Enquirer: 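Below you'll find the structure I mean.
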Amino acid sequence: SDLIKYSSKYDTFEKAIKADFKRDETLFSFEITSARYISQQFERHRNFSYAERSLRFVAADKENFEIVLPQELQNSSKLKEVKQYLKQSIELYLQLREIGLSKDDCRSAVPLCTATKFVATAQLTWWMDFLNKRYIPAASKEMIRLCQQIYNQLPAAVRDIIYKSCKENMEKANDKV
């Protein structure tokens, strides 16, 4: 997927497995593009290490303001109104920048569905914990889809371990989306 990219000290998951990895010694990193409210849910997992693009340091203009809308909202009868609101929010942000307010202050006008990019790195144990807590039916559909993508990029051996501990919740969550 274009939303998630894997990286590790190993070129491939297969090399990581051949290296006889252990849960507490193997780190997995994913570069994720999501709405800001999704990144906030990630950051509740304190055992992860994060690097996130900040609107304080990135020059934002009309051309590079990326919005991430849930599929259900994209198919909503209110999509036109939502797009108008988002356009107004972005224009307000840019106007506030033009009158000299700091990027810190201006980002208060930015909607939570503004895209952010971040890298999340954690030991396998913590990825398993994350999926156990977030790949559940009570999660938002966006989070479930993101968990599906992360899960599908893990090597088969790792997926098997996770599936055994999360099977019931994962199946119910998959039915939701």
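Note that this is a predicted model, so its numbers are computed, not measured. Position 1 is the first residue of the sequence; numbering continues from there.
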Enquirer: Does the side-chain hydrogen bond (donor to acceptor under 3.5 Å, both in side chains) test come out yes or no for T121 and S49, once each step is laid out?
Expert: CA-CA 5 Å; T121 301; S49 176; 5.4 Å; no

Enquirer: How many angstroms lie between atom CD1 of I144 and atom CG of D175, to the nearest 0.5 angstrom?
Expert: 10.0 Å

Enquirer: How long is the span from the CH2 atom in W126 to the CG atom in L27, to the nearest 0.5 Å?
Expert: 13.0 Å

Enquirer: Are any of the side-chain heavy atoms of T114 and L86 separated by less than 4.5 Å?
Expert: no

Enquirer: Does some side-chain heavy atom of M128 sit less than 4.5 Å from a side-chain heavy atom of V158?
Expert: no

Enquirer: Could you label the plane-to-plane angle of the Y50 and F118 rings as parallel, tilted or perpendicular, counting under 30° as parallel and over 60° as perpendicular?
Expert: tilted

Enquirer: Is there a side-chain contact (heavy atoms from CB on, under 4.5 Å) between Y135 and N169? Walk through the geometry before answering.
Expert: CA-CA 7 Å; Y135 200 164; N169 277 335; over 6 Å; no

Enquirer: Can you tell me how the ring of F130 sits relative to the ring of F48, calling it parallel under 30°, perpendicular over 60° and tilted otherwise?
Expert: tilted

Enquirer: Run the side-chain hydrogen bond (donor to acceptor under 3.5 Å, both in side chains) check on E52 and T116 step by step: do they pass?
Expert: CA-CA 7 Å; E52 184 172 6; T116 186; 2.8 Å; yes

Enquirer: Please tabulate, for side-chain N and O atoms in residues 75-84, each donor-acceptor pair with protein atoms closer than 3.5 Å (sequence neighbours left out).
Expert:
residue : atom : partner : partner atom : Å
N75     : ND2  : Q71     : O            : 3.2
S76     : OG   : K78     : N            : 2.9

Enquirer: For T33 and K117, which heavy atoms make the closest approach, and how far apart are they?
Expert: OG1-CG, 3.5 Å

Enquirer: Between K176 and E142, is there a salt bridge with N-O shorter than 4.0 Å?
Expert: no

Enquirer: Once you round to the nearest 0.5 Å, how far does CZ of F30 lie from CZ of F42?
Expert: 9.0 Å

Enquirer: For the residue pair W127 and H45, establish whether any side-chain heavy-atom pair is separated by less than 4.5 Å.
Expert: no

Enquirer: Rounded to the nearest 0.5 Å, how far does OG of S34 lie from CE of M143?
Expert: 7.5 Å

Enquirer: Please identify each residue that fulfils salt bridge (charged side-chain N to carboxylate O under 4.0 Å, His left out) with D129, with sequence neighbours left out.
Expert: K133

Enquirer: Please examine the side chains of E171 and K167, heavy atoms only from C-beta on, and report whether any two atoms are closer than 4.5 Å.
Expert: yes

Enquirer: Check V119 against S29 and note the closest heavy-atom contact, atom names and distance.
Expert: CG1-CB, 4.2 Å

Enquirer: Are side-chain heavy atoms of V68 and C113 found at a separation under 4.5 Å?
Expert: no

Enquirer: Write down the atom of Y93, the atom of R107, and the distance for their closest heavy-atom approach.
Expert: CE1-N, 3.8 Å

Enquirer: Transitive ILVMFWY cluster of L101 at side-chain heavy atoms under 4.5 Å: who else is in it?
Expert: L92, L96, I99

Enquirer: If only atom types and distance count, is the side chain of Y151 paired as donor or acceptor with the main-chain N or O of R159 below 3.5 Å?
Expert: yes

Enquirer: Got a second to check how far M170's CE is from I136's CD1, nearest 0.5 Å?
Expert: 12.5 Å

Enquirer: If you look at every heavy atom in S89 and A109, which pair is closest and at what distance?
Expert: CB-O, 3.6 Å

Enquirer: Is the shortest side-chain heavy-atom distance between I38 and S140 below 4.5 Å?
Expert: yes

Enquirer: Working to the nearest 0.5 Å, report the span between CD of Q41 and CZ of R36.
Expert: 13.5 Å

